[in-house]
Amino acid sequence: MKLCMIGTGYVGLVSGVCFADLGNEVVCVDKDLNKIEKLKKGIIPIYEPGLEELVKKNQKNGRLRFSSNLKDCIIKSDIIFICVGTPTKKNGRDADLTQVFNVTKKIRSYIKSKFKIVITKSTVPVTTGDQIEKILFKNKSKKLFSVVSNPEFLREGEAIRDFIYPDRIVIGTSNDKTNKILKNLYSPLISKGAKYINTTRRASELIKYASNAFLATKITFINEIANLCEKTNINVEDISIGMGLDKRIGGRFLRSGPAYGGSCFPKDTKSIVTTADKFKVNLSLIKTVIKSNKKRTLLLLNKVNEILKGKIKNKNICFLGVTFKANTDDMRDSSSLIMIPSLAKKGAKINYYDPSGEKNFFKKIKNVIFSKNIKSAIRNSDLVIIHTEWNDFKSINFKSLIKKKNFVIYDMRNIYSSLKMKKDKIKYFGIGR
Ligand code: UDX
């Protein structure tokens, strides 16, 4: 199959490379010429374990190409995947579909006679497929296009594994011929055990949003339970285990920590409630989740204030990890983007270290410094905040590395055992403990 991935972000790049690895001829196209030139040289714009090797391997065997010539790529492909961004609009509510529709218009103008399957992999609100179809069908034969929804469920940091061993593959189309072609495209994954679901396009679009909203709800739920645990001297991890063993609940996504972040949960929860509002349906539960998650960052900041007994000014605070989760360089909607400026504004001196490197956002903030390693980041700390659960932070000898006598650790990911910390006479706070 000849595939064209439009957009070389996380979704387009990872999916394109993996499809090539499964034996397809793939071209990844992007309007960002600089990105394409770099990709041609094997320079990967994102941090995703295993991606670089897979790109190089498939470039070498000739199955993977990068291009900025959209017209040529569209004309020569059988299946076109739309993988462009759908960020939250400036109004902070609905998804901005400008890029999706711009690409759709281009596809329409370039296709003359050969049948194409057009797939949205980007996360798009219910009925977007209908709108794409409307654009494509304008003055064109309906036989030229089949518009499908095929959402991605890739976690950053685990994206390649998630692509190869998905829990499910969702294909939203009512066209039997298209369904057959796509089932065939995904057959190497289906034969390894992935469940293949064919449903309507609208249902497929909603499956993606409902899944992310549910996971965000699950995290928020355990985060609120953690708040209760802190007041009642219970370890929230015992609750997660006790609840998670119930097969109806399941243990995953029951880890309490800072507010959830990333490129999907915050934007998708906002988008699904806005879509529902448009259809005059009140998704009150998800609205509450959004509010609770927003409050969570302030709640943890209050805890920092409590730990430092209200004396934040001139305190040396170290952040270990600033990304929204480990194994990614992505800063989108990370709670550190609110916590660090807020503490710096109150006069704290912030040192931070993240294995994925320095972050541009913090460069412009006074009193915030990037350290090149854990050692120099924590050396002068009054308080060390473990914000992200990178493996690098899991066995630090705090006592030998920190000069200050009465330093405190605030472990927002519950990496360390509070008992061990007590034994080592280290002042330590976790989440929900
Ligand atoms: C998510 C979805 O999981 C994926 O299916 C979708 O396609 C894209 O969005 P990702 O953004 O990579 O993937 O992050 P994920 O691993 O799901 O974590 C999201 C957030 O939830 C992170 O901030 C993470 O730290 C937090 N989280 C996750 C918890 O706080 N507790 C948990 O138990 C799990």
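Numbering of ligands and ligand atoms starts at 1, following listing order. Only a predicted model underlies this, so the values are computations on that prediction, with no experimental measurement involved.
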Student: Is it the side chain (CB and beyond), the backbone, both or neither of L254 that lies under 4.0 Å from ligand 1, heavy atoms counted?
Tutor: backbone
Student: What's the shortest distance from atom 12 (O) of ligand 1 to any protein heavy atom, and which residue and atom give it?
Tutor: E156 N, 2.6 Å
Student: Indicate yes or no: does an N/O atom of Y260 lie under 3.5 Å from an N/O atom of ligand 1?
Tutor: no
Student: Assess G261 for proximity to ligand 1: is some non-hydrogen atom of it under 4.0 Å away?
Tutor: yes
Student: Using 0.5 Å steps for rounding, measure from the CG atom of D167 to the CG atom of D162.
Tutor: 7.5 Å
Student: Give the residue, atom name and distance (to 0.1 Å) of the protein heavy atom nearest atom 14 (O) of ligand 1.
Tutor: K325 NZ, 3.3 Å
Student: Starting from atom 9 (O) of ligand 1, which protein heavy atom do you reach first, and at what distance in Å?
Tutor: C264 CB, 2.9 Å
Student: Using distance alone, with no hydrogens and no angle criterion, decide if N351 and S371 have a side-chain donor and acceptor under 3.5 Å apart.
Tutor: yes
Student: Say whether N316 and N380, considering side chains only, have a donor N or O and an acceptor N or O under 3.5 Å apart.
Tutor: no
Student: State, without any angle test, whether D268 and S271 hold a side-chain donor-acceptor pair at a distance under 3.5 Å.
Tutor: no
Student: With a 6.0 Å cut-off on ring centres, are Y186 and F19 close enough?
Tutor: yes
Student: Could you tell me whether E152 and ligand 1 have an N or O pair separated by under 3.5 Å?
Tutor: yes
Student: Taking 4.0 angstrom as the limit and counting only heavy atoms of L154, give me the atoms of ligand 1 inside it, by number and element.
Tutor: 4 (C), 6 (C), 7 (O), 8 (C), 13 (O)
Student: Pick, from F265, F153, F253, the option with the minimum heavy-atom distance to atom 19 (C) of ligand 1.
Tutor: F265
Student: With respect to E152, which candidate in R168, K208, K121 satisfies the salt bridge (Lys or Arg N to Asp or Glu O under 4.0 Å) definition?
Tutor: K208
Student: I'd like to check which ligand 1 atoms, numbered from 1 as shown, lie under 4.0 Å from a non-hydrogen atom of K208.
Tutor: 6 (C), 7 (O)
Student: Can you tell me which residue and heavy atom of the protein come closest to atom 30 (O) of ligand 1, and the distance to 0.1 Å?
Tutor: I219 CG2, 3.4 Å
Student: Which residue holds the protein heavy atom closest to atom 3 (O) of ligand 1, what is that atom called, and what is the gap in Å?
Tutor: R155 CG, 3.5 Å
Student: Considering E389, H387, R413, R255 one by one, which has a heavy atom nearer to atom 25 (O) of ligand 1 than any of the others?
Tutor: R413
Student: State the atoms of ligand 1, each with its element, that fall below the 4.0 Å cut-off from a heavy-atom position in F324.
Tutor: 11 (O), 14 (O), 22 (C), 23 (O), 25 (O)
Student: Measuring from the heavy atoms of G262, does anything fall under 4.0 Å of ligand 1?
Tutor: no
Student: Who pairs with E37 by side chain to side chain contact (heavy atoms under 4.5 Å, CB included), at least two apart in sequence or on another chain?
Tutor: K40
Student: Measuring centre to centre across the rings, with the benzene-like ring taken for any Trp, is F319 within less than 6.0 Å of F362?
Tutor: no
Student: What I want to check is whether the side chains of K287 and N282 have a donor and an acceptor closer together than 3.5 Å.
Tutor: yes
Student: Distance alone, cut at 3.5 Å: any donor-acceptor contact between the side chains of T128 and E205?
Tutor: no
